[in-house]
Student: 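Shown below is the structure under consideration.
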Amino acid sequence: MKPRRLKPADFLRPAPEMAHALIGCVLLVDGVGGRIVETEAYDMADPASHSFTGPTTRNQVMFGPPGRAYVYRSYGIHWCLNFVCDEEGHGAGVLIRALEPLQGMAVMCERRGLHAPRLLCSGPGRLGQALAIEHDLNGLRLDHKPFEVLAAERPHEVVVGPRIGISKAADVPWRFGLAGSPHLSRPFR
DNA sequence: CGAACGATTAGCT
DNA sequence: GCTAATCGTTCGA
């Protein structure tokens, strides 16, 4: 039987809870993607979050309705994908950091210029490149084309740790991963 | 208007 | 482990 597709109401949860719940779900963009194996939570009370300083032109989508995509450019080079969650106006989101590639392997390999499944989607920038995430997807609903987010079909063992690549609140354990997955951007310890 | 700074990655030591 | 690449956003003058 086919897994259930997540709808906006499924995203009405605090960021850490949402980030935990997304592990094991499947993310597809135009039919290309895989299982979510790594996430990070951010919210308005968090000094490391883009939403911390309040709404701006860049982060306004984070303050809009939950269940949408927040896309931003990182280090002037990479596109990263977040899911807006919690209640509208809360500025909460979940950064999708890594996938286990499942569908559209050939397309992802071509976009990444690789054939090693390990490195296709194991990192937020790599994932963005493999799924062709660009700024035109910013603000789009996750339950409409080209997105598809499918519920996990069974429970998964989740590991928790501190977030990566930030200087503020680096000790907050808001990074979540699928235990033992070889597709994590970095191992948990 | 200028300057500093990344929610990163690849490549080299 | 260290650093360059590269550019939009943000903040101060």
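Throughout, protein chains are lettered first and strands after them, A, B, ... in sequence-line order, and every chain is numbered starting at 1. Keep in mind the model is a prediction, meaning the values are calculated, not measured.
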Student: Which part of the nucleic acid does A:Ile166 contact within heavy-atom distance under 4.0 Å: base, sugar-phosphate only, or nothing?
Tutor: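 Sugar-phosphate contact only - A:Ile166 comes under 4.0 Å of backbone atoms but never of a base.
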Student: Hey, does A:Asn59 reach any base, or is it just sugar-phosphate, or nothing, if we go heavy atoms under 4.0 Å?
Tutor: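 The residue A:Asn59 makes no contact with any strand.
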Student: For A:Glu17, does the CD atom sit with more than 12 other heavy atoms under 6.0 Å from it, leaving out its own atoms?
Tutor: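 Above 12, so yes.
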Student: When the distance from CG of A:Leu114 to C1' of B:dG11 is rounded to whole Å, what number comes out?
Tutor: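 A:Leu114 atom CG is separated from B:dG11 atom C1' by 13 Å.
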Student: Figure out the CZ/P separation between A:Arg73 and C:dT6, and round it to whole Å.
Tutor: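 To the nearest whole Å, that distance equals 12 Å.
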Student: Which part of the nucleic acid, if any, lies within contact of A:Arg112, taking any heavy atom under 4.0 Å across all strands shown: a base, the sugar-phosphate backbone alone, or nothing?
Tutor: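 Result for A:Arg112 = sugar-phosphate.
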Student: Send over the distance from A:Arg163 CZ to B:dT8 P, rounded to a whole Å.
Tutor: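 Distance check: A:Arg163 CZ to B:dT8 P gives 11 Å.
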Student: Look through every strand shown and name the nucleotide pairing with C:dT6 as Watson-Crick or G-U wobble, where both distances are under 3.5 Å.
Tutor: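 In the structure as shown, C:dT6 has no Watson-Crick or wobble partner.
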Student: Applying side-chain contact (heavy atoms from CB on, under 4.5 Å) between A:Leu27 and each of A:Leu6, A:Leu142, A:Val149, report the one that passes.
Tutor: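 Going through the options one by one, the only one that passes is A:Val149.
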Student: Who is the Watson-Crick or G-U wobble partner of B:dC1, with both distances under 3.5 Å?
Tutor: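 Partner of B:dC1: C:dG12.
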Student: Taking atom P of B:dA7 as reference, at what distance in whole Å does atom CE of A:Met62 sit?
Tutor: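 Nearest whole value for this atom pair: 12 Å.
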Student: So if I apply the side-chain contact (heavy atoms from CB on, under 4.5 Å) rule between A:Cys121 and each of A:His183, A:Arg97, A:Met108, A:Arg112, which one comes out positive?
Tutor: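 With A:Cys121 as partner, A:His183, A:Arg97, A:Met108, A:Arg112 yield a single side-chain contact (heavy atoms from CB on, under 4.5 Å), made by A:Met108.
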Student: With nearest nucleotides of DNA chain B determined for A:Arg126 and A:Tyr42 from heavy-atom distances, which residue corresponds to the more 5′ nucleotide?
Tutor: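 With A:Arg126 and A:Tyr42 compared, the 5'-side residue is A:Tyr42.
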Student: So, the side chain of A:Asp46 versus the backbone of A:Phe52: is there a donor-acceptor pair under 3.5 Å, distance only?
Tutor: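 The answer is no, because no donor-acceptor pair under 3.5 Å joins these two groups.
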Student: For C:dT10, does OP1 or OP2 lie under 4.0 Å from any side-chain N or O of A:Thr56?
Tutor: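 Checking C:dT10 against A:Thr56, a side-chain N or O does come within under 4.0 Å of OP1 or OP2.
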Student: Between A:Arg175 (side chain) and A:Glu38 (backbone), is there a donor-acceptor pair under 3.5 Å?
Tutor: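 The answer is no, because no donor-acceptor pair under 3.5 Å joins these two groups.
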Student: Give the nucleotide from the list C:dT10, B:dG6, B:dT8 with an atom nearest to the side chain of A:Arg97.
Tutor: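 That would be B:dT8.
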Student: Does the aromatic ring of A:Tyr72 sit over the six-membered base ring of B:dA7, closer than 5.5 Å centre to centre and tilted less than 30°?
Tutor: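 Per 5.5 Å and 30° rule: no stacking.
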Student: Counting only side-chain nitrogens and oxygens, does A:His50 get under 4.0 Å of the OP1 or OP2 atom of B:dA7?
Tutor: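 Indeed, a polar side-chain atom of A:His50 lies that close.
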Student: Measure the distance from OH on A:Tyr75 to C1' on C:dA4 and round it to the nearest whole Å.
Tutor: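 One finds 13 Å between C1' of C:dA4 and OH of A:Tyr75, rounded.
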Student: In this structure, how many angstroms lie between the P atom of C:dT9 and the NE2 atom of A:His135, rounded?
Tutor: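 Result: 7 Å.
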Student: Rounded off to whole Å, could you give me the CD1-to-P distance for the A:Ile77 and C:dG8 pair?
Tutor: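 So the two atoms are 12 Å apart, to the nearest Å.
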Student: Taking for each residue the nucleotide of DNA chain C with the nearest heavy atom, is it A:Gly76 or A:Arg186 whose nucleotide lies nearer the 5' end?
Tutor: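 Its nucleotide being nearer the 5' end, the pick is A:Arg186.
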Student: Please give, in whole Å, the distance from C:dC7 P to A:Arg58 CZ?
Tutor: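 Going from CZ in A:Arg58 over to P in C:dC7 covers 16 Å.
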